[in-house]
Trainee: 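If you scroll down you'll find the structure; I have some questions about it.
All heavy atoms count here, side chains included; hydrogens, waters and symmetry mates do not. Whatever order the structure lists them in is the order used to number ligands and atoms, beginning at 1.
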Amino acid sequence: MSNTFYPPERLLMGPGPSNVSPRVLSALGRPTIGHLDIAFIALMDDIRSLLQYAFNTHNDLSLPISGPGSAGMEACFVNLVEPGDKVIICKNGVFGQRMQENVERCGGNPILVEDDWGQAVDPEKLETALKTHNDVKIVAFVHAETSTGVLSDAKVICDIAKSYGCLTIVDAVTSLGGSPLYIDDWHIDACYSGTQKCLSCVPGISPVTFSKEAVNQIKTRSSKIQSWFLDMTLIMSYWGEGEKRAYHHTAPVNSLYALHESLVILKEEALENAWQRHDANHDLLKNALNKIGLTLAVPEDIRLPQLNAVNIPNGVDDESIRKTLLGEHNIEIGAGLGTLAGKIWRIGLMGYSSNPQNIARCATALDAVLNQN
Ligand SMILES: *Cc1c(COP(=O)(O)O)cnc(C)c1O
């Protein structure tokens, strides 16, 4: 016979999920109501306006996709990319790789602008690519590369893309709520995020937003969107304006209570304060790590405050340290991926997890584990 599952109490300081605030967890546990209930529709409208706040946008089409960040990614690509479309992907880590996969599966023609893992997207390389290839329809890139801890300059990249008449698709899974992000001012046409990073909500929901120009593209496509579930023209009939909503799929009702509460918390703190808190805690972590002889891998000017790539000292076994941290100290940190596997740890300071107490606890535990091995 199986018993009720009680998870261990972990401090989540990896690349996501981050710790979920008790307020969000208690919202999650409230009674389920129907996804077409008038009270739920009012909640949906409030989620839209809170997402507009978080994304800094007036886009009507701002909503949570019922699926993780990867579903939001797919929603942007399947709706905007048609067979034969040329899409430039600025790739500097794991998540750019996935964009390429998405474009290929949509029948599009991906053009790669590559930078080394651990470097930011180079705007000059993008400009060169746009001069070389005509008829590029879309430029896509990752704002905050969680695989490497690097922030790219979304404003500059979008400005260049726009000057060549392209639409822009931006992955803001890790940046939303942690780093400045201005959908309207930066001319981002389609953007997707996640709930489990700086929003500190439960995983499995993906906030997305589409500009008027993107919506226009979607409505005037010549080919059918290949995904029924992620077809925004169908989703709009459920998430649209007014009280008339058509059933598309059953919304993850309780998860949306949770998302709503996490956005209320963000608005109470105010976006600018949340960004500043992530910055200040990054500085604290940097100093705490320096004190125990550890250094950060990413140059200061392109460092993500919410995801810190830490150099693993020579001769230290990556996996055994992370295992001991989790097993003996209940602290989760992330491993390096791809070419950075075994070379860096990834210490997340996201949302509710980003506070001075957690930083002190993590640094003390890391120091103890490094000295006992
Ligand atoms: C976590 C993450 C994703 C994927 O989100 P899931 O919720 O795991 O599907 C995509 N892009 C970036 C930059 C991420 O950090």
Trainee: What I want to find out is whether D45 reaches R245 closely enough, with some N-O distance under 4.0 Å, to be called a salt bridge.
Mentor: yes

Trainee: For P110, enumerate each residue passing the side chain to side chain contact (heavy atoms under 4.5 Å, CB included) test, keeping only those at least two apart in sequence or located in another chain.
Mentor: I89, Q100, V103, E104

Trainee: Can we say D189 and K162 salt-bridge, meaning some charged N sits less than 4.0 Å from an Asp/Glu carboxylate O?
Mentor: yes

Trainee: Please collect all side chain to side chain donor-acceptor pair (under 3.5 Å) contacts where either partner lies in residues 284-300, sequence neighbours excluded, each pair once.
Mentor: T295-N311

Trainee: With hydrogens left out, which residues have an atom under 4.0 Å from ligand 1, given that only heavy atoms count?
Mentor: P68, G69, S70, F95, V142, A144, T146, D171, V173, T174, Q196, K197

Trainee: Tell me the side chain to side chain donor-acceptor pair (under 3.5 Å) pairs involving residues 30-44, sequence neighbours left out?
Mentor: T32-N254

Trainee: Let me know which of D279, N281, N273 forms a side chain to side chain contact (heavy atoms under 4.5 Å, CB included) with R277.
Mentor: N281

